[in-house]
Amino acid sequence: MAQTTPNHTQTVAGWAAHDSSGNITPYIFKRRENGVNDVTIKVMYCGICHTDLHNVRNDWGITMYPVVPGHEITGIITKVGSNVENFKVGDNVGVGCLAASCLQCEFCKDSQENYCDQIQFTYNGVFWDGSITYGGYSEMLVADHRYVVHVPDNLPMDAAAPLLCAGVTVFTPMKDNNLLESPGKKIGIVGLGGLGHVAIKFGKAFGHHVTVISTSPSKEKEAKELLGADDFIVSSDPKRMKVGKRTLDFILDTVSAQHSLGPILELLKVNGTLCMVGAPDKPIELPSFPLIFGKRNVKGSMTGSMRETQEMMNVCGKHNITCNIEVIKPNQINEALERLARNDVRYRFVIDVAGNSAANL
């Protein structure tokens, strides 16, 4: 494993963290030449995901410094390899969490490469050539075309960027639980942040009754009036939680902080399912009685496959679904990360990469 190989000849300006302080500074590094299966992308925008915060601070103990974060990337193709047939120069495209997989296992062959045990991510991963991957906090990206998707022309590139992670992360479990074409279900969304606000939009687009479950009473107005939620439950209110008991068919838990699933599970009907997509850095509480006495299921879901990511983008184009964003300049990344840590964003920061240069930081 090395940061680069002899094939890494392209000098790129970006922004990186160099230690667990998580402080982001300008960083000049090398990317590989465009190969026969690659596309080169001029990065226009890159969303800031909660995963970025965990990685720059090494919360999970797996960060390889220097780390160039960013896996919610939209941009324009500037070069295509000779084996690439589904993209052309000038296309609006997106890159999400995945950079490489083995291509041979049962999951890769079944278009579930996000569950390949050799999966490598867009940043803080190890590419096929042994080099460390660097993400979208940079002016240019070279990606294997099999891990790139088209962005529908009607979607703005800035508000579409977080769909590459937040969007597919909530879309896939809805698809897995047959919510795309079976309207009329009652679904709950735990947490109203970068993931939760997009989940509400999908839930309503698919014709469901959507209840937001949150610890913050102050979010009720925005959940209903801004995002279209049908109901709102303050999870710290025992009376309201009791009224909601056994009312929901499906719950999507997007919270990335430690919390107990017990009270939330009681909101599910018998045989209901709760799917975890948030990633708390400490174990969650999972009492057995709500599972046993309700025949309930708890499962997880990790982003989505490339096929699912393209399907999700197409659905967003059809229903005009985008993320509610706050666009920032690169010299505001550190401030944005601090605000993200305090949940002070409505609902996703997006870096205007193309409008700025590293010299401005």
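Not measured: the values here are computed from a predicted model. The basis for the numbers below is simple: all heavy atoms, side chains too, and nothing from hydrogens, waters or symmetry mates. Residue numbers run from 1 in the order of the sequence given.
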Novice: Please list, chain by chain and in numerical order, all residues satisfying salt bridge (Lys or Arg N to Asp or Glu O under 4.0 Å) with Asp237, sequence neighbours excluded.
Specialist: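 Here no residue qualifies.
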
Novice: What heavy-atom pair brings Thr78 and Val89 nearest, and what distance separates the two atoms?
Specialist: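 Scanning both residues, the minimum pair turns out to be O-CG2, 3.7 Å.
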
Novice: Considering all heavy atoms of both residues, which atom of Ala223 and which atom of Val212 are nearest to each other, and what is their separation?
Specialist: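 That would be CB-CG2, 4.1 Å.
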
Novice: Could you check whether Lys30 and Thr11, counting side-chain N and O atoms only, form a donor-acceptor pair closer than 3.5 Å?
Specialist: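 Yes, a side-chain donor-acceptor pair sits under 3.5 Å.
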
Novice: Using a strict cut-off of less than 4.0 Å between a Lys/Arg side-chain nitrogen and an Asp/Glu carboxylate oxygen, indicate whether Glu222 and Arg346 qualify as a salt bridge.
Specialist: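 Yes, Glu222 and Arg346 are salt-bridged.
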
Novice: Mind telling me whether Phe87 and His150 have parallel, tilted or perpendicular rings, with 30° and 60° as the class edges?
Specialist: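 It falls in the parallel class, under 30°.
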
Novice: Can you tell if the side chain of Ile251 reaches within under 4.5 Å of the side chain of Leu267, non-hydrogen atoms only?
Specialist: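 In short, these two side chains touch, coming nearer than 4.5 Å.
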
Novice: Do you see a donor-acceptor pair shorter than 3.5 Å between the side chains of Thr5 and His8?
Specialist: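 Side chains of Thr5 and His8: pair found under 3.5 Å.
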
Novice: Do Ser20 and Asn58 get their side chains close enough for a donor-acceptor pair, meaning under 3.5 Å?
Specialist: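 The criterion, which ignores hydrogens and geometry beyond distance, is not satisfied for Asn58 and Ser20.
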
Novice: Within the 3.5 Å criterion, strictly below it, is a donor on Asn34 or Thr40 matched to an acceptor on the partner's side chain?
Specialist: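 Checked: Asn34/Thr40 side chains pair up, N/O donor to acceptor below 3.5 Å.
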
Novice: Please name the pair of heavy atoms, one in Leu192 and one in Leu227, separated by the smallest distance, quoted to 0.1 Å.
Specialist: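 So the minimum-distance heavy-atom pair works out to CD1-CD1, 3.6 Å.
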
Novice: State plainly whether the residues Lys269 and Asp249 are in salt-bridge range, i.e. N to O under 4.0 Å.
Specialist: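 A salt bridge links Lys269 with Asp249.
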
Novice: Check this for me, if you would: do Arg57 and Asp52 make a salt bridge, where the nitrogen-to-carboxylate-oxygen distance has to be below 4.0 angstrom?
Specialist: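 Not counted as a salt bridge, because no side-chain N and carboxylate O are separated by less than 4.0 Å.
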
Novice: Supply the members, apart from Ile292, of the Ile/Leu/Val/Met/Phe/Trp/Tyr cluster built from side-chain contacts under 4.5 Å; use none for a lone residue.
Specialist: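 Once heavy-atom contacts under 4.5 Å are chained together, Ile292 belongs with Phe289, Phe293.
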
Novice: Mind listing the closest non-hydrogen atom pair of Leu252 and Pro173 along with its distance?
Specialist: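 What the structure gives for the nearest pair is CD1-CG, 3.6 Å.
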
Novice: Answer yes or no: is there an ion pair linking Asp230 with Lys204, defined by an N-O contact shorter than 4.0 Å?
Specialist: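 A salt bridge is present here (some side-chain N lies under 4.0 Å from a carboxylate O).
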
Novice: Give the minimum heavy-atom separation between Phe232 and Arg240, together with the two atoms involved.
Specialist: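 Result for this residue pair: O-NE, 3.8 Å.
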
Novice: Please answer whether the main-chain N or O of Asn324 pairs with a side-chain N or O of His197 as donor and acceptor at a distance below 3.5 Å.
Specialist: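 Yes, His197 side chain to Asn324 backbone: donor-acceptor pair under 3.5 Å.
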
Novice: Is the count of non-hydrogen atoms from other residues, nucleotides or ligands lying under 6.0 Å from Lys201 atom NZ greater than 12?
Specialist: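 Buried by this count: over 12 neighbours within 6.0 Å.
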
Novice: Whether Glu113 and Arg146 form a salt bridge (side-chain N of Lys/Arg under 4.0 Å from carboxylate O of Asp/Glu) is what I want to check.
Specialist: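 No salt bridge links Arg146 with Glu113.
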
Novice: Quick one about Glu106 and Tyr115 (side-chain donor to acceptor, distance below 3.5 Å, no hydrogens or angles considered), yes or no?
Specialist: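 Distance-only check fails for Tyr115 and Glu106.
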
Novice: Between Arg339 and Asp344 (side chain of the first, backbone of the second, donor and acceptor by atom type, cut-off under 3.5 Å), is there such a pair?
Specialist: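 Between the backbone of Asp344 and the side chain of Arg339 there is a qualifying donor-acceptor contact (under 3.5 Å).
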
Novice: Using 30° and 60° as the class boundaries, would you call the ring planes of Phe29 and Tyr27 parallel, tilted or perpendicular?
Specialist: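 Rings of Phe29 and Tyr27: parallel, under 30°.
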
Novice: I'd like to know if the side chain of Tyr147 reaches the main chain of Cys97, judged simply by a donor and an acceptor atom lying under 3.5 Å from each other, with no hydrogens or angles considered.
Specialist: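 No, the answer is negative, given that no donor and acceptor are paired below the 3.5 Å cut-off.
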
Novice: Stepwise, does the ring-ring contact (aromatic ring centres under 6.0 Å, His included) test hold for Phe171 with Phe202?
Specialist: CA-CA 7 Å; Phe171 172 86; Phe202 279 129; 5.6 Å; yes

Novice: Does either side chain, that of Ser138 or that of Arg31, offer a donor lying less than 3.5 Å from an acceptor on the other one?
Specialist: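 There is such a pair between these side chains.
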
Novice: Checking salt bridge (Lys or Arg N to Asp or Glu O under 4.0 Å) for the pair Arg246/Glu266: CA distance, chi angles, key distance, verdict?
Specialist: CA-CA 6 Å; Arg246 291 194 174 190; Glu266 295 287 6; 5.8 Å; no

Novice: Identify whether NZ of Lys or CZ of Arg in Arg32 sits under 6.0 Å from the centre of the six-membered ring of Phe127 and within 45° of that ring's axis.
Specialist: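 Cation-pi check for Arg32 and Phe127: passes.
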
Novice: Please assess Glu311 against Arg307 for the test salt bridge (Lys or Arg N to Asp or Glu O under 4.0 Å), listing each intermediate value before the final yes or no.
Specialist: CA-CA 6 Å; Glu311 180 183 1; Arg307 178 185 292 176; over 6 Å; no

